[in-house]
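One structure coming up, written as structure tokens, with questions to follow.
Hydrogens, waters and symmetry mates are skipped; everything else that's a heavy atom, side chains included, is used. What you see is a predicted model, and the numbers here were worked out from it, not measured in a lab.
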Amino acid sequence: MKWYAAKVRTAFAATVVPAALLLLSFAPATAAAPQGGEQRAARTSASSSAGTAAVGYTLLGNKYRGDAGLGTCLRTFVDSAAVQLGQCTAQGDPTDSAAMRQWQAVDQGNGYVLVQNKYRADAGLGNCLRTFSGSAAVQVGECTAQGGATDYTSMRLWQAVDQGNGYVLLQNKYRGDAQLGTCLRTFNGADTVEVGDCAGQGGATDYTSMRLWDGDAFVSGWPSRPVTGQKRALVMATHWNDAAPADPAAVQQATLGTGSPSLRSYLQEVSGGALDLTGDMLTGVDLGTRPTGCDSTSIRSSARTAALARGVDPDDYDYLFVDLSRHSACPWEGLASQPGNWILSNGVGYKTWMWTHEFGHNLGFTHSDTLKGCPSTSSVTQVNSSCTVSGGDDPTDTMGGGGMHLYPADYRQFAGWIPEAQVIRVASSGSHELGVLGVNGIQEYRIARGDGSYLSLEYRRATPPYDDYAASDPLVNGVLVRIVTSGATVHNRLVDATPATSTTADAPLAAGRTLVDEIANAAVRTCSVDSQGADLRIAIGSTTPPSC
């Protein structure tokens, strides 16, 4: 799936949610078909910062209109806020210009975009596609709420949901929040557009294609929140005044140590050298009287005050890591902002895996879970509503029970460590070669599922010291399949492609096996694997992949 918005390039998102590593479990973090009739605009590609254009201006065409041989393009008019469908080229009238058909997506850094019209922008008029309270109407207007109880910024926010066929659904945030039909749609026998239900409602004149819009208008990079270059952390080995100080050497090695295991060497390895974490350490820091409760804000405030008392300002660093004396009132081993720039350790600062997990939260990775118990035959696993979800048992993901194993491919792309050209949206059936993660070739294939998520395919081999698998381990002899949802954060769901066993230690799609995703209407078959990669056959729009 291609992401239909610009990349998020800001250092940290505005909303930060603490994410905890619990003592006994990985509980979820608190959180929140036919071709068109008219020629499409050429696909452009450019990525830029949040708040800037995703791909420049291009046409926004409707599939139903194209199938019917009618004017497909969304357009504006002189001296009017109206939008409707029409021809994709100006018709020669002095009041008709090509710019009236040109639109751009402007990323808002929260999984939504503004959809802006060039003609209106050039004329200094309100140029954002917007909805209204108590109406299915759509117009262009100001890009920010103008005040009052019935005008909201969310009326201007749209999410493009890839349908895996070159088209997207355009869903409005305000309408979704109000539990109304969210999708921009067209009609039979009319040039009008409105928002309504996202699927055809039956009958001879209502088709799903009326809701499908040419994805070229939105194509850009995948969602990302790059964290690259050299970052500095202030590491504090602290204790309450009723406890002896922890061994600072063990905490220093687990975080900033140059050897392995350490968070620093882990990040250098998993990022391919794109991220280097350095910094300073304060030892023997007395935080005073042990609190009766576990208020993380108060604890961080105490740590900051103690650092300032030593002449060190935490604000001079990119991250603040605080190891505490073990405190039974805190029901977590580690706690981190998600995404964000602080980590608290509940007396386990010597455990590198705790830091890799919590730093994952800092990067925007949520707790992962697993899809298990899917219907299966000897060679085919079906992903459908019969599957069940469980948590904390992805042995390859440190965010879900994978210890110190290296972050999956989609995390690496989100953090800006994998080039866009090595993360491929599969748009058609055929043969596909998947390289070894972190080593060579295509790093990840993605298949749109039509609901905003996608299938992620990756292939690992043993790459010590962190991915220290035995050569015969099933985890490095098949293709790992995950269902991924990404926006401001990333959530992974491992698909157990070998559900007949009681373990996820053999979850990958092994050679000779096929996985069918009924939601995506797609299938993946692993033909063979070796030291250089995996040979795959993928079907799009079908549940029968090509033969090996």
Side-chain angles (χ1 to χ4, degrees), residues 4-6 36-46 48 52-107 113-132 135-144 146 155-158 160 166-172 183-196 209-220:
Y4 297 95
E38 292 189 275
Q39 185 175 2
R40 298 179 184 175
R43 182 184 296 266
T44 58
S45 61
S48 51
T52 59
V55 295
Y57 291 99
T58 186
L59 303 179
L60 182 53
N62 179 258
K63 185 178 188 303
Y64 169 78
R65 298 276 294 193
D67 293 345
L70 301 172
T72 67
C73 283
L74 191 68
R75 60 157 300 177
T76 57
F77 298 88
V78 174
D79 300 327
S80 172
V83 292
Q84 66 179 43
L85 276 298
Q87 299 300 317
C88 292
T89 56
Q91 300 303 296
D93 188 292
T95 62
D96 191 13
S97 70
M100 294 173 176
R101 287 90 170 158
Q102 294 174 0
W103 302 85
Q104 69 176 0
V106 180
D107 180 30
V113 298
L114 299 176
V115 179
Q116 297 181 330
N117 180 256
K118 187 178 191 301
Y119 170 79
R120 299 276 296 187
D122 291 347
L125 302 171
N127 60 354
C128 280
L129 192 67
R130 60 156 299 176
T131 58
F132 296 88
S135 169
V138 177
Q139 291 183 359
V140 279
E142 298 299 328
C143 293
T144 56
Q146 301 302 296
M155 293 172 173
R156 288 88 171 163
L157 297 180
W158 300 85
Y167 293 92
V168 299
L169 296 176
L170 279 177
Q171 297 183 325
N172 182 255
C183 282
L184 187 68
R185 61 156 298 177
T186 57
F187 296 88
N188 181 29
D191 294 334
T192 56
V193 292
E194 291 183 356
V195 278
S209 61
M210 293 173 174
R211 289 85 171 165
L212 297 180
W213 299 88
D214 188 350
D216 286 354
F218 296 90
V219 169
S220 178

Between Thr131 and Asn172, do the side chains contain a donor N or O and an acceptor N or O under 3.5 Å apart? yes
Is the side chain of Arg156 donor-acceptor paired with the backbone N or O of Glu142 at a distance under 3.5 Å, no angle test? yes
Any salt bridge between Asp96 and Arg101, counting N to O under 4.0 Å? yes
Point-to-point distance, once rounded to the nearest 0.5 Å, from OG1 of Thr58 to CD of Gln104: 11.0 Å
Between Trp158 and Leu184, which heavy-atom pair has the shortest distance, and what is it?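 That closest heavy-atom pairing would be CZ3-CB, 4.1 Å.
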Which heavy-atom pair separates Arg211 from Cys183 by the least distance, and what is that distance?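 Smallest interatomic distance, heavy atoms only, reads CG-CB, 4.2 Å.
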What pair of heavy atoms forms the shortest contact from Gln84 to Asp191, and how long is it? CB-O, 3.1 Å
From Trp103 CH2 over to Asn127 CG, what is the distance, rounded to the nearest 0.5 angstrom? 8.5 Å
Mind listing the closest non-hydrogen atom pair of Tyr119 and Ser97 along with its distance? CD1-OG, 3.6 Å
For the residue pair Leu60 and Leu170, establish whether any side-chain heavy-atom pair is separated by less than 4.5 Å.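 When only atoms from C-beta onward are counted, Leu170 and Leu60 do touch, with a gap below 4.5 Å.
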For Met210, does its backbone N or O pair with a side-chain atom of Asn62 as donor and acceptor, under 3.5 Å?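 Yes; judged by distance alone, with no hydrogens or angles, the pair exists.
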Would you compute the distance between atom OG1 of Thr72 and atom CG of Leu85 and round it to the nearest 0.5 angstrom?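 It comes to 7.5 Å.
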Tell me the closest heavy-atom pair linking Ala90 and Ala98, and the distance in Å.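 That would be CB-N, 3.8 Å.
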Which heavy atom of Phe187 sits nearest to which heavy atom of Glu194, and what is that distance?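 That closest heavy-atom pairing would be CZ-OE1, 3.6 Å.
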Please lay out, stage by stage, how Thr144 and Gln146 fare under the test side chain to side chain contact (heavy atoms under 4.5 Å, CB included). CA-CA 6 Å; Thr144 56; Gln146 301 302 296; 3.5 Å; yes
When rounded to the nearest 0.5 Å, the distance separating CE of Met100 from CZ of Arg75 is 6.0 Å
No-hydrogen, no-angle side-chain donor-acceptor test under 3.5 Å, Asn188 and Tyr64: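 Yes, because at least one side-chain N or O of Asn188 sits under 3.5 Å from a partner of the opposite role on Tyr64.
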Could you go step by step and tell me if Val138 and Val195 meet the side chain to side chain contact (heavy atoms under 4.5 Å, CB included) rule? CA-CA 7 Å; Val138 177; Val195 278; 4.0 Å; yes
Measure the CG-OG1 distance between Leu129 and Thr76 for me, rounded to the nearest 0.5 Å.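 Leu129 CG to Thr76 OG1: 10.5 Å, rounded to 0.5 Å.
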Heavy atoms from other residues, nucleotides or ligands near CG of Asp79 exceed 12 (cutoff 6.0 Å): no
Show, in sequence, the C-alpha distance, side-chain angles and deciding distance for Val193 and Val83, and conclude whether the side chain to side chain contact (heavy atoms under 4.5 Å, CB included) test is met. CA-CA 7 Å; Val193 292; Val83 292; 3.8 Å; yes
Report the distance from atom CZ of Arg120 to atom SG of Cys128, rounding to the nearest 0.5 Å.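 Separation between the atoms: 10.5 Å.
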